[in-house]
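Let me begin by presenting the structure, written as structure tokens, before commenting on it.
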Amino acid sequence: ILNVEQSPQSLHVQEGDSTNFTCSFPSSNFYALHWYRWETAKSPEALFVMTLNGDEKKKGRISATLNTKEGYSYLYIKGSQPEDSATYLCALEESDMRFGAGTRLTVKP
Amino acid sequence: DAGITQSPRHKVTETGTPVTLRCHQTENHRYMYWYRQDPGHGLRLIHYSYGVKDTDKGEVSDGYSVSRSKTEDFLLTLESATSSQTSVYFCAISEPDSLNTEAFFGQGTRLTVV
């Protein structure tokens, strides 16, 4: 069972700023690394599922990379908007699926 | 949207009483999970199921039991509720044999133990 660590715990940025968060884990075998976006009073929704070292995924202004050898994944948001305000969770899929504590992003207009 | 519903959506119960939360899916996904959400902890895994009658413990399983007698339903039972079990509970489903193994979440159940 791998421990998933996310940093920072929270982040406040201005509209238009680009930002990134980190998900780290002990390097080991796992099936996939997931990123989810979780808005207040809603349910988490998947952003990306990555399986291979060097994977890069992109959806609009949001992108993610995976480095399994060094045990981290980055999530990038380019030109943050107020609607990007949410908690961003990463999860490791092994025999089960375990989440990090999340990074809470607040984008100020 | 994935067909996954949780019931009840809200419940207030007294310390020491048993409580059962239900998760129902219409997607025929093999895996089902129960998580609890607490400030500063994100989502913590309570129990999960990888098939009918196949379940296993997660990170915070003490005080909880689960059952899965059919593919569609995954029940979470608090045998004797305690105040520390006041939380928001989320059910999730996934299908590891598909191309996309993302998890789909229910709407959550807010449980208050008084």
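So that the names make sense, note that chain A is the first sequence line, chain B the second, and so on, each numbered from 1.
Residue A:Met97 holds its CE atom at 11.5 Å from OH of B:Tyr48, rounded to the nearest 0.5 Å. Taking CD of B:Glu102 as the reference point, atom OH of A:Tyr36 lies at 6.0 Å (rounded to 0.5 Å). If you take CH2 on A:Trp38 and CZ on B:Phe90, they are separated by 5.0 Å, rounding to the nearest 0.5 Å. The CG atom of A:Asn3 sits 8.0 Å away from atom CD of B:Glu59, with the distance rounded to the nearest 0.5 Å. Here the CG-OH distance, from A:Asp96 to B:Tyr31, works out to 8.5 Å after rounding to the nearest 0.5 Å.
Linking Ile, Leu, Val, Met, Phe, Trp and Tyr residues whenever their side-chain heavy atoms come within less than 4.5 Å leaves B:Leu75 and B:Val19 in two separate clusters. Hydrophobic clustering, with ILVMFWY side chains joined whenever heavy atoms are under 4.5 angstrom apart, groups A:Met50 together with A:Phe30. Hydrophobic clustering of Ile, Leu, Val, Met, Phe, Trp and Tyr side chains at less than 4.5 Å, counting indirect connections, keeps A:Tyr72 apart from A:Ile62. Under the 4.5 Å side-chain contact rule for hydrophobic residues, A:Val49 and A:Phe21 do not share a cluster. Both A:Val13 and A:Ile77 are part of a single hydrophobic cluster, where members link through side-chain heavy atoms under 4.5 Å apart.
Dense packing is recorded around CZ of B:Arg9, with more than 12 heavy atoms of other residues, nucleotides or ligands lying under 6.0 Å away. At most 12 heavy atoms of other shown residues, nucleotides or ligands fall within 6.0 angstrom of atom CD in B:Glu14. No more than 12 heavy atoms of other residues, nucleotides or ligands shown are found within 6.0 angstrom of CD on A:Gln9. Within 6.0 Å of NZ in A:Lys57 there are more than 12 heavy atoms belonging to other residues, nucleotides or ligands.
Interface residues of residues 35-45 of chain B toward chain A, defined by a heavy-atom distance below 4.5 Å and sorted by number: B:Tyr35, B:Gln37, B:Gly40, B:His41, B:Gly42, B:Leu43, B:Leu45.
Counting heavy-atom pairs closer than 4.5 Å to chain B, the top-ranked of the candidates A:Gly102, A:Gly100, A:Ala46, A:Ala101 is A:Ala101.
A heavy-atom distance below 4.5 Å is not found between the side chains of A:Glu93 and B:Ser94.
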